[in-house]
K.L.:
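Got a structure for you, written out below as structure tokens; questions coming shortly.
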Number of protein chains: 2
Amino acid sequence: MMLSDVMEDYLKTIYQLQREGDDRIRTSEIATELDVTSPTVTSMLEKLEERGLVDREKYRGVTLTEEGKTVALEVVRHHRLLEAYLTEHLDYDWSEVHEEADRLEHHISEDFEARVAAALDDPDVDPHGSPIPGADLEPPTASDAESVTQFEEGDVVVVEEVADHDPEVLSYLADHGVEPGVELEILEIAPFGMITAQAIGADGPVSLPADVARHVRVASPSGVEH
Amino acid sequence: MMLSDVMEDYLKTIYQLQREGDDRIRTSEIATELDVTSPTVTSMLEKLEERGLVDREKYRGVTLTEEGKTVALEVVRHHRLLEAYLTEHLDYDWSEVHEEADRLEHHISEDFEARVAAALDDPDVDPHGSPIPGADLEPPTASDAESVTQFEEGDVVVVEEVADHDPEVLSYLADHGVEPGVELEILEIAPFGMITAQAIGADGPVSLPADVARHVRVASPSGVEH
DNA sequence: TTTTATTTTTAGGCTCACCTAATTCATGTC
DNA sequence: GACATGAATTAGGTGAGCCTAAAAATAAAA
Ligand SMILES: [Mn+2]
Ligand SMILES: [Mn+2]
Ligand SMILES: [Mn+2]
Ligand SMILES: [Mn+2]
């Protein structure tokens, strides 16, 4: 099936919105995410439905079909492999890779994908800690990580994933020691949701506004229940 | 200036046709090269003229403006750097790189370009021996290489560049020892232009039909006049 | 249950890059 | 100098992906 890069981005977006909870994805969510208007989304969803890539219930949103999910996973695999390759082999910082990968993901061949994966020795996660779908394009198994906002003052957690793409935010977090693999002690949770934490090895504590903290996904160290 | 990838390909094509001799490039040449129809080319040339990227004399073809040439050199630089990177760092064969580079050239950032150039230590030529324009985007100085068809039986020459992109042809040539840097003794020139030559280090001689030989550019060893 | 507010779809239009068919121009020949 | 030939342009049309404005459906409030 020959799909345009725009179609690929719609499918990827629907996939990622589905990962974040909702079962049916609504027109307006996609429009916001892709920065287009609702009518534009509606007509694209019609095309994707015709191609058997989404199931659509008019006025009630869409879900990916198995085929649509496979395409989305392919794009996500490209994206995350590229992010990993750029940081490992071309000296990019984790804050810089998203934009580059977002364009290239649609233009690399399967051969390129395979060679990049080989050069990286088939990595499991990208620089933000997000799982890279395997070459079989099966959905990666959900990790046990949860948003740091689910924890309490005094908890000690390990950062698994930072699901944010804003370069400014990522630079700031790295400067304050918040990166995948780092241990974090939650010092304070403000009433408006801001979390202040101390990263092991960092100079001082760091404060994360609610909407930033939401994207920092963590696990209890050594699988301890919290 | 924001240019589409299609516009970039038109400018690159005009640049490369100009390198091959003709001063003014005609509509039909571009159409053949890009595999589109003449009316399509005409309307694109009008757009490029409006943008100041080509000078156009109606019914008589176009030439690149300085600005158009700079854009073309930028695309060529991307293309050749990518080809070099793919062979050096991702284990591609020289016969496989063209197609991949032809897509990616339009989608890499200036940052990516710089990092690739750095990883390769600012190479002068791509895997086919073609010069890579510098970051300053000045036109590379024409080498003293000529097509091997300009030489005679008995001449010994050094392959500088193989200006062909067909993977089959390139594989065949490499299998018979014809690659940049290799010394070649011209054994026979057939009346219909086919050249038979012995590559130093290769098992046996290789025969190149006229249209293949034309793309093999060579120089006399150590600058000797022929 | 009716009214109101929000979301989605329909209707109609735009630009880009392509096409085919018809016309016009340039050029070389009689 | 008129004419045939081939190349280039004009004319008109398509599909992809976007838009705004208007209408319809759903969801929330009265
Ligand atoms: Mn993308
Ligand atoms: Mn792939
Ligand atoms: Mn290209
Ligand atoms: Mn560049």
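Worth knowing before you read on, the calculation uses all heavy atoms, side chains too, and leaves out hydrogens, waters and symmetry mates. In what follows, every chain begins at residue 1, and chains take the letters A, B, ... in the order their sequences are listed.
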K.L.:
With a non-hydrogen cut-off below 4.0 angstrom, is S38(B) in contact with a base, only sugar-phosphate, or nothing?
P.N.:
base

K.L.:
Between dA24(D), dT20(C), dA17(C), spot the one nearest the side chain of S4(B), thanks.
P.N.:
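Selected nucleotide: dA17(C).
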
K.L.:
On DNA chain D, nearest-nucleotide positions of D35(A) versus T27(B): which is more 5'?
P.N.:
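The residue whose closest nucleotide sits nearer the 5' end is T27(B).
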
K.L.:
Nearest-Å distance, CG (L34(B)) to C1' (dC16(C))?
P.N.:
16 Å

K.L.:
Salt bridge or not for R80(B) and E83(B), using N-O below 4.0 Å?
P.N.:
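No, no charged N to carboxylate O under 4.0 Å.
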
K.L.:
State which of dT8(C), dT10(C), dA26(C) makes the closest approach to the side chain of R60(B).
P.N.:
dA26(C)

K.L.:
Assign the ring pair H107(A) / H107(B) to parallel, tilted or perpendicular, where the plane angle (0 to 90°) is split at 30° and 60°.
P.N.:
parallel

K.L.:
From the list dC25(C), dT9(C), dA7(D), which nucleotide is the closest neighbour of the side chain of S28(B)?
P.N.:
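Given the options dC25(C), dT9(C), dA7(D), the side chain of S28(B) is closest to dA7(D).
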
K.L.:
Does R115(B) come within less than 4.0 Å of E96(A), counting only side-chain N to carboxylate O?
P.N.:
yes

K.L.:
Indicate, with a heavy-atom threshold strictly under 4.0 Å, whether E57(B) touches base, sugar-phosphate, or nothing.
P.N.:
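Nothing: the residue E57(B), judged by heavy atoms under 4.0 Å, touches no strand.
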
K.L.:
How many whole angstroms separate atom CD1 of I30(A) from atom C1' of dC18(D)?
P.N.:
16 Å

K.L.:
Can you tell me how far C1' of dA27(D) sits from CZ of R24(A), to the nearest Å?
P.N.:
15 Å

K.L.:
Report yes if a side-chain nitrogen or oxygen of K58(B) is closer than 4.0 Å to either non-bridging phosphate oxygen (OP1 or OP2) of dT24(C); otherwise report no.
P.N.:
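K58(B) to dT24(C) OP1/OP2: no side-chain N or O under 4.0 Å.
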
K.L.:
For the CD atom on E46(A), are there more than 12 heavy atoms of other groups (residues, nucleotides or ligands in this structure) within a distance under 6.0 Å?
P.N.:
yes

K.L.:
Kindly point out which of dT24(C), dT9(C), dC18(D) is positioned nearest to the side chain of Y10(A)?
P.N.:
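Selected nucleotide: dC18(D).
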
K.L.:
Once you apply a heavy-atom cut-off of 4.0 Å, does T40(B) come out as touching a base, just sugar-phosphate, or nothing?
P.N.:
base

K.L.:
How many Å lie between CG on D5(B) and P on dG17(D), as a whole number?
P.N.:
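For the pair D5(B) CG and dG17(D) P, the rounded distance is 13 Å.
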
K.L.:
For K47(A) and dT10(C), what is the distance between atoms NZ and C1' respectively, to the nearest whole Å?
P.N.:
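About 15 Å, once rounded to whole Å.
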
K.L.:
From the list dC19(D), dG17(D), dT10(D), which nucleotide is the closest neighbour of the side chain of P39(A)?
P.N.:
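When the side chain of P39(A) is considered, dC19(D) is the closest of dC19(D), dG17(D), dT10(D).
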
K.L.:
Between K69(B) and E66(B), does at least one N-O distance fall below 4.0 Å, as a salt bridge requires?
P.N.:
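E66(B) and K69(B): salt-bridged.
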
K.L.:
Nearest-Å distance, CD (E49(A)) to P (dT8(C))?
P.N.:
16 Å

K.L.:
Whole Å only: how far is the CZ atom of R51(A) from the P atom of dG15(D)?
P.N.:
14 Å

K.L.:
Closest approach to the side chain of T37(B), judged atom by atom: which nucleotide of dT10(D), dC19(C), dA7(D) is it?
P.N.:
dC19(C)

K.L.:
Among the nucleotides dT9(D), dT9(C), dA17(C), which one has an atom lying closest to any side-chain atom of R56(B)?
P.N.:
dT9(D)

K.L.:
Please state how far atom CZ in R26(A) lies from atom P in dA27(D), giving the value in whole angstrom units.
P.N.:
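Distance, rounded to whole Å: 7 Å.
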
